[in-house]
Amino acid sequence: MADSSDSISIDMETISLGAKEYLVKTRCGMVSVALFGDQDKPALVTYPDLALNHISCFQGLFFSPEVNSFLLHNFCIYHISPPGHEVGAAPIGSDDLMPSVDDLADQVLEVLNFFGLGSVMCMGVAAGAYVLTLFAMKYRQRVLGLILVSPLCRAPSWTEWLLNKVMSNLLYFYGMCGVVMELLLKRYFSQEVRGSVEEPESDIVQACRRLLDERQSISVQQFLEAMNGRRDLSEGLRKLHCRSLIFVGENSPFHSEALHMTSKLDRRYSALVEVQACGSIVTEEQPHAMLIPLEYFLTGFGLYRPTLSVSPKSPLSPTCISPELLSPESMGLKLKPIKTRIS
């Protein structure tokens, strides 16, 4: 673990739902890490999408009873927030460096080194999935596997680049205004949960709207600019031999991006799960659709061992697992694609 003088631990349990919050000093500034669980257990590192943190991006997944019965009991969770995205974040100083996507990936390495972690499992959503994929390509020996939700892997199209520039300018001049918030909610969620004139917004969208209102606009703008300058990772994906599980909502604006990424990964080591009637943030909108694919995926690493004591409501019965699904060679063949819809 790094010298304690390089970082500080702060007690934010009342606002981080029981997590122990660390601020880790890195070359490009302070990074917040919310830690859940026993540090003697294998590590699962998460990274959220633009303008989100572990509460607004992963709470639905990690606090559903079924997931709690195996993820939180088998892993220590390290939720990394993009700079300035954590709960109660102070505004980024004008003298702070604007990080690139490579800087963000390098920060992940510095966090792992601070906690004395070796190889870890990674879970990222959209922009966070890009950061963790880049991290895996740069530091392959530090990544056991990738769980990617609505991932990005190519450079932004002209349409995305222009939209991001518009949002960046709005954030700079007006902060987290209504237009930016609506564009972000459209990025995250399907129309079904965003509501309409006849139908009200769902609870998860209302909760996300409140959390977005607390974000520091300069921090969101800097992450947005970093993603707008990202490069195409497609050519390096074939050489990425850690096993990868990709989830994407069929109504996500990044659906075609996820399909492209799957086509570039080695099929022996990757699997695609398409979730019907869902937007980008599957972890919040339809977390139950992730349970059984995650079970298969993690059992193949020996990181999750089902027991007979799981909840009767849980799909995590040992008899659910077909042994032929657990070898790396079968992942692409047996799990690609799975279309699932949760009522």
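Just so it is clear, the model here is predicted, and its values are computed rather than measured. Only heavy atoms go into these numbers, but all of them, side chains included; no hydrogens, no water, no symmetry mates.
Between the side chains of S64 and H288, no donor-acceptor pair of N or O atoms lies under 3.5 Å. Side-chain atoms of S119 and Q141 include no donor-acceptor pair closer than 3.5 Å.
Legend: residues meeting side-chain contact (heavy atoms from CB on, under 4.5 Å) with L162, ordered by chain and number and at least two apart, are absent. Applying the ring-ring contact (aromatic ring centres under 6.0 Å, His included) test to F58 and every residue at least two apart in sequence or in another chain returns H79. Q206 meets the side-chain hydrogen bond (donor to acceptor under 3.5 Å, both in side chains) test with no other residue; sequence neighbours excluded. Under the salt bridge (charged side-chain N to carboxylate O under 4.0 Å, His left out) criterion, E110 pairs with no residue at all, not counting sequence neighbours. Listed by chain and number, the residues in a side-chain contact (heavy atoms from CB on, under 4.5 Å) with S252 are S150, V248, F254, S280 (sequence neighbours excluded). With sequence neighbours left out, R187 forms a salt bridge (charged side-chain N to carboxylate O under 4.0 Å, His left out) with D49. Under the rule for a side-chain contact (heavy atoms from CB on, under 4.5 Å), the partners of D103 that lie at least two apart in sequence or sit in another chain are R27, C28, P99, S100. Taking E199 as the reference, nothing meets the side-chain hydrogen bond (donor to acceptor under 3.5 Å, both in side chains) condition, with sequence neighbours excluded. Not a single side-chain hydrogen bond (donor to acceptor under 3.5 Å, both in side chains) links E284 to another residue, sequence neighbours left out. Residues that satisfy the side-chain contact (heavy atoms from CB on, under 4.5 Å) test with R238, not counting sequence neighbours, are absent from this structure.
The aromatic rings of F135 and Y139 are tilted relative to each other, their planes meeting at an angle between 30° and 60°.
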Distance-only donor-acceptor pairs under 3.5 Å for side chains of residues 151-158, two or more places apart:
unit_1, atom_1, unit_2, atom_2, d
R154, NE, E257, OE1, 3.2
R154, NH2, E257, OE1, 3.3
S157, OG, E160, N, 3.1

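Side-chain atoms of E250 never come within 3.5 Å of backbone atoms of E274 as a donor-acceptor pair (strictly under, hydrogens ignored).
D266 has no carboxylate O lying under 4.0 Å from a charged side-chain N of R243, or vice versa, which leaves the two without a salt bridge. Comment: R194 does not engage E285 in a salt bridge, judged by the lack of any side-chain N to carboxylate O separation of less than 4.0 angstrom.
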Kindly determine whether F114 and T26 satisfy side-chain contact (heavy atoms from CB on, under 4.5 Å), including the steps that lead there.
CA-CA 9 Å; F114 171 74; T26 73; over 6 Å; no
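Legend: ring pair (Phe, Tyr, Trp, His ring centres under 6.0 Å) pairs involving residues 169-228, not counting sequence neighbours, sorted by first then second residue: H85-F223.
Both V179 and L185 are assigned to one and the same hydrophobic cluster, defined by single-linkage of ILVMFWY side chains at heavy-atom distances under 4.5 Å.
Atoms OH and NE2, on Y269 and H241 in that order, are 5.5 Å from each other to the nearest 0.5 Å.
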